[in-house]
Amino acid sequence: MKALELRGVEKSFKKRRGEVVRALDSVSLTVGKGEVVGILGPNGSGKSTLVRVISTLVLPDKGEVEVFGVDATRHPKQVQRSMNRVSVEASFFKKLSAMENLLYGAKLYGVTSAEARPRIKEILDNIGFAQKRATEPMEHLSRGMQQKIALARALLTSPVLMLLDEPTTGLDPRSKKDVQAFIRRIREAHDSSILLCTHDMGEAEELCDRVGIMMDGKILALEESEELKRRYATNGRVPTMEETFMAATGYSVEEASAEGD
Ligand code: ADP
Ligand code: MG
């Protein structure tokens, strides 16, 4: 059984002026147990919609989503409990501290404060988050620190499937490295299955077992990153991930991260 399986998933949105956007166009993919799969795509390619459909926030128009063999449309509650979504716009109670937010998150998953406290301490130590800052309001923390707390919250509930939507976008290089190291540790220590959406080529290549390229709602290719690059080889030279991405999507690295659509 796979951690995640999507078969022919479609989702369209009506935009202003009646224009229709196919955010997901026949998307099929799997994430094996303990596997990290990266989805690399420019802004507007459908990554967040993909994550929202899997996490049951958005209903697909067509197709199936199964999380550990359970149909997400028919059993949303059960599916929600077996995964955690961490997105750029991580939702926190900004006035509450990191500790309070983590305890609250644990409670939602039925973990008591008594159980959660020692684990929170351990996790915070692990990610180099100073304990004394854990009692400050979240709004006083940097984006990098907030993002670490979002990941810590996901970890606390021993997630089986983690959906990471651009976990390092907007972070300074230092925090980015920390968060990436943290993701690497999560997979080693917890054997979590991870779907990581990003427009950062290096991140996808370094952290993921397989990488898919997404463009206009379609997954163009999804395979081990060396294979993916070899697919775009010319004259026997294997391109870099950036070159592969450009060849596949027609986008440059700068265009891929450009805001707005
Ligand atoms: P990404 O996360 O890769 O930047 P998104 O999934 O956010 O891409 O968006 C894919 C496309 O779907 C974009 O054209 C976006 O404008 C559109 N879209 C996403 N969510 C909505 C929505 N709720 N209503 C209308 N259009 C949407
Ligand atoms: Mg997005």
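All values below come from the heavy atoms of this structure, side chains included, with hydrogens, waters and symmetry mates left out. Order of appearance sets the numbers: ligands from 1, and atoms from 1 within every ligand.
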- Message: Looking only at distances, can you tell me whether any N or O atom of Lys14, backbone or side chain, sits closer than 3.5 Å to an N or O atom of ligand 1?
- Response: no
- Item | Where ligand 1 meets Val21 - atom numbers and elements under 4.0 angstrom, heavy-atom basis | 11 (C), 12 (O), 14 (O)
- Glu166 N/O to ligand 1 N/O under 3.5 Å: no
- Message: With heavy-atom distances below 4.0 Å as the criterion, list the atoms of ligand 1 near Ser48.
- Response: 1 (P), 2 (O), 6 (O), 7 (O)
- Test side chain to side chain donor-acceptor pair (under 3.5 Å) applied to Gln147 and Ser175, step by step: CA-CA 9 Å; Gln147 199 62 343; Ser175 307; over 6 Å; no
- Does Asp178 pair with Arg174 as a salt bridge, N-O distance under 4.0 Å? yes
- So with a 6.0 Å cut-off around OH of Tyr104, is the heavy-atom count from everything else above 12? no
- Task: Any atoms of ligand 1 less than 4.0 Å from a non-hydrogen atom of Pro42? List them with their elements.
- Result: 3 (O)
- Counting from 1, what ligand 1 atoms have a heavy atom of Lys47 closer than 4.0 Å? 1 (P), 2 (O), 3 (O), 4 (O), 6 (O), 8 (O)
- Message: Tell me whether the Mg ion (ligand 2) has Ser48 as a neighbour, meaning an N, O or S atom of it below 2.8 Å.
- Response: yes
- Note on the structure: ligand 1 atoms nearer than 4.0 angstrom to some heavy atom of Gly44 are 1 (P), 3 (O), 4 (O), 8 (O), 10 (C), 11 (C), 13 (C)
- List for me each residue that meets ring-ring contact (aromatic ring centres under 6.0 Å, His included) alongside Phe13, sequence neighbours excluded, and say none if there are none. none
- Query: Can we say Glu203 and Lys176 salt-bridge, meaning some charged N sits less than 4.0 Å from an Asp/Glu carboxylate O?
  - Reply: no
- Carboxylate-amine/guanidinium proximity below 4.0 Å for Arg210 and Glu35: yes
- Query: Relative to the heavy atoms of Asn43, which atoms of ligand 1 are at a distance of less than 4.0 Å?
  - Reply: 4 (O)
- Which of the atoms in ligand 1, numbered in the order shown and given with their element, are less than 4.0 Å from a heavy-atom of Ser45? 1 (P), 3 (O), 8 (O)
- Indicate yes or no: does an N/O atom of Arg52 lie under 3.5 Å from an N/O atom of ligand 1? no
- Message: Check this for me, if you would: do Arg184 and Glu206 make a salt bridge, where the nitrogen-to-carboxylate-oxygen distance has to be below 4.0 angstrom?
- Response: yes
- Query: With sequence neighbours excluded, what pairs up with Ser26 under the side-chain contact (heavy atoms from CB on, under 4.5 Å) test?
  - Reply: Glu10
- Query: Looking only at heavy atoms, is any part of Met214 under 4.0 Å from ligand 1, and if so is it the side chain, the backbone, or both, or is it neither?
  - Reply: neither
- Task: Would you check whether Gly46 has a nitrogen or oxygen atom less than 3.5 angstrom from a nitrogen or oxygen atom of ligand 1?
- Result: yes
- Are Leu4 and Ser193 close enough that some pair of their side-chain heavy atoms sits under 4.5 Å apart? no
